[in-house]
Number of protein chains: 6
Amino acid sequence: MPELSHVDSAGAARMVDVSTKEASVRTAVATGLLRTTAEVIGLLRRDGLPKGDALAVARVAGIMGAKRTPDLVPLCHPIALHGVTVEFDVSDTEIGITVTARTADRTGVEMEALTAVAAAGLTLIDMVKAVDPGAELDAVRCESKEGGKTGSWHR
Amino acid sequence: MPELSHVDSAGAARMVDVSTKEASVRTAVATGLLRTTAEVIGLLRRDGLPKGDALAVARVAGIMGAKRTPDLVPLCHPIALHGVTVEFDVSDTEIGITVTARTADRTGVEMEALTAVAAAGLTLIDMVKAVDPGAELDAVRCESKEGGKTGSWHR
Amino acid sequence: MPELSHVDSAGAARMVDVSTKEASVRTAVATGLLRTTAEVIGLLRRDGLPKGDALAVARVAGIMGAKRTPDLVPLCHPIALHGVTVEFDVSDTEIGITVTARTADRTGVEMEALTAVAAAGLTLIDMVKAVDPGAELDAVRCESKEGGKTGSWHR
Amino acid sequence: MPELSHVDSAGAARMVDVSTKEASVRTAVATGLLRTTAEVIGLLRRDGLPKGDALAVARVAGIMGAKRTPDLVPLCHPIALHGVTVEFDVSDTEIGITVTARTADRTGVEMEALTAVAAAGLTLIDMVKAVDPGAELDAVRCESKEGGKTGSWHR
Amino acid sequence: MPELSHVDSAGAARMVDVSTKEASVRTAVATGLLRTTAEVIGLLRRDGLPKGDALAVARVAGIMGAKRTPDLVPLCHPIALHGVTVEFDVSDTEIGITVTARTADRTGVEMEALTAVAAAGLTLIDMVKAVDPGAELDAVRCESKEGGKTGSWHR
Amino acid sequence: MPELSHVDSAGAARMVDVSTKEASVRTAVATGLLRTTAEVIGLLRRDGLPKGDALAVARVAGIMGAKRTPDLVPLCHPIALHGVTVEFDVSDTEIGITVTARTADRTGVEMEALTAVAAAGLTLIDMVKAVDPGAELDAVRCESKEGGKTGSWHR
């Protein structure tokens with residue numbers, strides 16, 4: 001029967017022991033979507049997309065956010081993060097966020113990829129909120145992961 | 001004409017000067033939605049909802065995440081966070097997340113409320129991902145804010 | 001003659017070089033004791049022990065505190081923390097805290113286990129201080145460690 | 001009837017709202033006791049007490065630990081820490097730790113003083129553990145607090 | 001006679017008590033200079049100066065570094081940082097860094113401005129080190145400060 | 001043609017993938033120079049150099065700063081820091097800072113050594129600024145690195 005791995009049989013939270021798991025190269029891709037207004041996208045473009053500071057700040061926030069995952073997600077293991085890319089796909093009223101995270105460690109990196117998406121998305125909201133206080137971060141989710149004992153998973 | 005406040009006229013990112021703004025009591029409410037499966041909700045309920053560690057861990061993650069906002073969102077001011085509550089509304093395949101944040105400081109607390117929602121949501125994904133790797137965090141957004149010079153805003 | 005490893009022959013503090021030590025599975029158990037009043041224990045029990053948020057918050061604080069060890073203890077190496085459990089044993093006027101920490105790295109994990117005990121204990125004091133301002137954290141100490149070149153040690 | 005302030009009536013953890021409390025000068029004194037061996041105390045003295053790096057490292061750890069309180073203790077408010085002193089009283093087999101913390105903010109600083117004691121104590125254990133793996137941190141507790149609405153409290 | 005304010009009469013480090021100082025608007029300007037090669041500057045320009053990610057990353061690092069001052073500088077008070085700008089002046093073989101920091105708090109912000117300069121400078125070194133491993137950060141210093149009891153100071 | 005490794009062909013910042021690089025022992029030495037006044041050096045000496053808290057605080061700041069490198073330098077990988085020493089060379093109006101950092105990991109440790117120099121230097125400035133507000137940190141640079149695929153490099 002499936003079980004929540006992060007709580008023991010008595011329901012107590014724990015950081016699951018992975019000390020005997022094999023270190024191996026693992027990759028995860030996560031995505032999210034900032035929904036805002038055409039006016040905001042226009043302002044971002046005027047700031048010189050794809051090179052303006054606005055997107056660069058959000059990209060940096062994503063990369064640094066990936067490094068902060070064990071500080072934010074209580075039961076996550078601190079892992080050796082070996083590579084992170086953050087891509088934005090700007091359309092009329094939305095900015096797609098795609099993060100790829102890599103490690104050669106004992107656990108998967110999907111939480112790192114997801115945290116990077118969230119940090120980039122929150123930073124975009126912060127950047128546009130004076131103009132669009134209703135901006136929304138949607139569909140933060142894992143798209144795929146590779147490596148480790150469980151192997152590949154695709155949405 | 002509306003402008004992105006976090007970049008100057010040359011497009012350079014900055015932390016906007018708020019030293020001359022008045023400190024006043026401000027409140028923000030933000031929400032989000034974890035979409036998962038009925039099986040996961042069943043497991044969470046079996047862990048003793050609403051008292052099980054699973055939700056408690058996510059609630060703590062939300063509160064601590066609010067305190068980490070200036071670490072995660074690059075241009076956010078570090079503010080004196082004066083109150084945070086995190087509520088969950090568990091239904092058949094979803095968990096609604098509602099965060100209320102309060103401060104008596106010079107800037108609004110919507111980013112703190114939003115960051116708490118994201119941290120709680122990411123923690124829930126972490127908790128359930130062994131059973132539902134496709135769990136998704138949706139609709140992270142500000143619902144309302146009160147206080148400060150701009151006054152009340154409701155979605 | 002025994003020496004304090006963290007200071008050199010001139011007395012200067014240093015982070016000791018462990019780059020040539022072998023990585024191996026290591027475990028440490030640390031304990032501590034929160035001394036409070038029967039009234040406080042009663043309130044905690046009313047909050048639904050062993051499942052209430054009060055203990056869950058302290059358990060999360062312990063696990064997250066273990067991850068913060070290198071931030072708190074200046075000369076500690078940042079290590080790959082691979083597993084942490086925090087158990088509470090609630091009696092009439094005391095709460096026993098037991099933490100087990102595991103790693104497969106180059107140094108022992110006793111500081112991580114001890115820091116988790118301290119963080120959980122401080123959080124319990126914070127939780128009860130409105131009712132019992134005199135609550136006390138006692139006997140924070142290492143009980144045993146396994147693994148590494150020096151092998152097993154038991155109190 | 002007394003209540004645990006950090007959980008609501010349903011038992012859910014929260015950061016209590018203090019936005020309407022008055023900022024005022026507050027002081028807290030906390031203490032703790034490192035119990036070790038005469039051999040360790042001798043080594044510390046040979047390192048030139050009270051000026052050697054060993055105690056200086058622990059003192060710095062205490063001061064920096066006070067600043068980390070809201071990172072370690074989940075429901076603690078981040079406050080404006082305005083002064084911290086850490087004193088050591090070295091006797092034959094013990095080191096007494098006394099921390100005084102001050103703020104002019106909306107909540108008391110006893111958790112900051114206690115966290116400083118714990119951080120200094122953990123650092124002392126780390127410093128001596130190669131010689132005395134059984135060193136113990138005892139009696140971490142608040143001695144007194146001044147200021148705020150509740151006024152003075154002494155153990 | 002002048003004294004080092006951060007150590008007491010016995011030479012012990014402390015966080016000086018500022019709880020009774022007046023909060024007031026304070027500004028500090030700090031500068032630094034990255035010395036590198038014409039080749040590196042050429043590569044940075046090709047990356048689209050002044051809009052490329054390279055400088056944006058360093059600017060964000062400076063702003064975030066300012067917020068980390070109390071984590072890095074042990075005896076610094078955590079203060080309410082109210083505004084930070086980071087400017088770069090790119091010439092043939094150098095990049096000038098100028099940071100202005102503002103607060104309305106009880107202590108000066110020169111350490112925040114200086115830490116921002118250092119973080120931006122270190123980030124520039126990191127960015128260029130594959131091409132110029134000898135890049136150097138020079139002349140990190142306070143240029144001026146305004147506000148507070150001691151009033152204006154200019155180099 | 002040489003390239004900035006931290007930006008991709010479109011100029012976007014990234015954390016470069018090192019998951020397939022070999023872990024090996026690596027060392028880096030970085031230095032810097034605090035320029036101050038003879039009066040300040042006199043005060044530091046009176047505080048009991050080389051054992052006084054003033055230098056000890058800066059040494060601890062350097063060691064802890066090395067551990068904070070991935071928090072400060074956005075595109076730096078979090079690595080397993082295995083050894084750090086911080087040495088000071090005090091002359092009439094200057095304090096030389098030398099940091100040696102070691103790891104057995106997939107990337108070099110020059111950024112860790114440089115960040116330690118910067119943190120120690122900023123802490124010295126903080127320590128002396130009440131007496132010498134014009135103190136300056138100069139010549140922060142890598143002196144040498146050993147290990148890894150690129151082998152030895154000396155200035």
Side-chain angles (χ1 to χ4, degrees), chain C residues 1-7 11-14 32 35 39-40 43-44 46-48 51-54 56-58 60-61 64-65 68-69 71-76 108 110-111 114-115 118-119 121-123 125-142 145 153 155, chain D residues 2-8 11-14 32 35 39-40 43-44 46-48 51-54 56-58 60-61 64-65 68-69 71-76 108 110-111 114-115 118-119 121-123 125-142 145 153 155:
Chain C
M1 200 183 73
E3 274 177 29
L4 300 181
S5 56
H6 288 17
V7 288
R14 60 185 174 185
R35 296 191 201 278
E39 179 186 33
V40 159
L43 287 165
L44 286 170
R46 199 166 46 198
D47 182 39
K51 287 289 211 144
D53 269 14
V57 173
V60 171
M64 296 187 86
R68 295 230 150 254
T69 306
D71 286 350
L72 271 192
V73 183
L75 307 179
C76 244
E110 59 265 46
M111 289 317 302
L114 285 161
T115 303
L122 291 169
T123 300
I125 291 180
D126 183 45
M127 196 76 70
V128 310
K129 73 180 195 295
V131 182
D132 175 19
E136 182 173 325
L137 178 60
D138 255 330
V140 176
R141 64 193 200 186
C142 189
K145 41 185 205 155
W153 176 87
R155 174 169 288 274
Chain D
E3 274 178 30
L4 300 181
S5 55
H6 288 17
V7 287
D8 66 18
R14 61 185 173 184
R35 297 191 201 279
E39 180 186 33
V40 160
L43 286 166
L44 286 171
R46 200 166 47 198
D47 182 39
K51 286 289 209 147
D53 269 15
V57 174
V60 171
M64 295 187 86
R68 295 230 151 254
T69 306
D71 286 349
L72 272 192
V73 183
L75 307 178
C76 245
E110 58 265 48
M111 288 317 302
L114 286 161
T115 303
L122 291 168
T123 300
I125 291 180
D126 182 45
M127 196 77 70
V128 309
K129 72 180 194 296
V131 181
D132 175 19
E136 181 173 326
L137 178 60
D138 256 330
V140 176
R141 65 192 200 187
C142 189
K145 43 185 203 155
W153 175 87
R155 175 169 286 275

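What's counted below: heavy atoms across the whole structure, side chains too, no hydrogens, waters or symmetry copies. These figures come from a predicted structure and were not determined experimentally. Reminder, nothing fancy here: chain letters follow the sequence lines and each chain counts from 1.
- Counting heavy-atom pairs closer than 4.5 Å to chain D, the top residue among E136(C), E110(C), R35(C), M64(C) is E136(C).
- Remark: I125(C) CD1 to R141(D) CZ distance equals 11.0 Å, nearest 0.5 Å.
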Trace of the side chain to side chain contact (heavy atoms under 4.5 Å, CB included) decision for L114(C) with L137(D): CA-CA 10 Å; L114(C) 285 161; L137(D) 178 60; over 6 Å; no
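- When the candidates D132(C), D126(C), L122(C) are compared by the number of heavy-atom contacts under 4.5 Å with chain D, D126(C) comes out ahead.
- You'll find the side chain of R68(D) reaches within 4.5 Å of the side chain of D71(C), heavy atoms only.
- For the set C142(C), P133(C), G32(C), the entry with the most heavy-atom pairs within less than 4.5 Å of chain D is P133(C).
- For a residue to count as touching a neighbouring chain, one of its non-hydrogen atoms must lie under 4.5 Å from one of that chain's; by this rule A13(C) touches chain D with backbone and side chain alike.
- Side chains of P74(C) and V60(D) form no contact here, defined as non-hydrogen atoms less than 4.5 Å apart.
- Checked against side chain to side chain donor-acceptor pair (under 3.5 Å), R155(C) has no partners two or more places apart in sequence or in another chain.
- Using a 4.5 Å cut-off between heavy atoms, A61(C) touches chain D through backbone and side chain atoms alike.
- In this structure, the side chains of V140(C) and V140(D) stay at 4.5 Å or more apart for every pair of heavy atoms.
- The shortest non-hydrogen separation linking L72(C) to G65(D) is CD2-CA, 4.0 Å.
- With a 4.5 Å cut-off on non-hydrogen atoms, M127(C) touches chain D through its backbone and its side chain both.
- Comparing A130(D), G134(D), A58(D) by how many heavy-atom pairs each has under 4.5 Å with chain C, the most go to G134(D).
- Listed for the D138(D) side chain is a donor-acceptor partner under 3.5 Å among the backbone atoms of A139(C).
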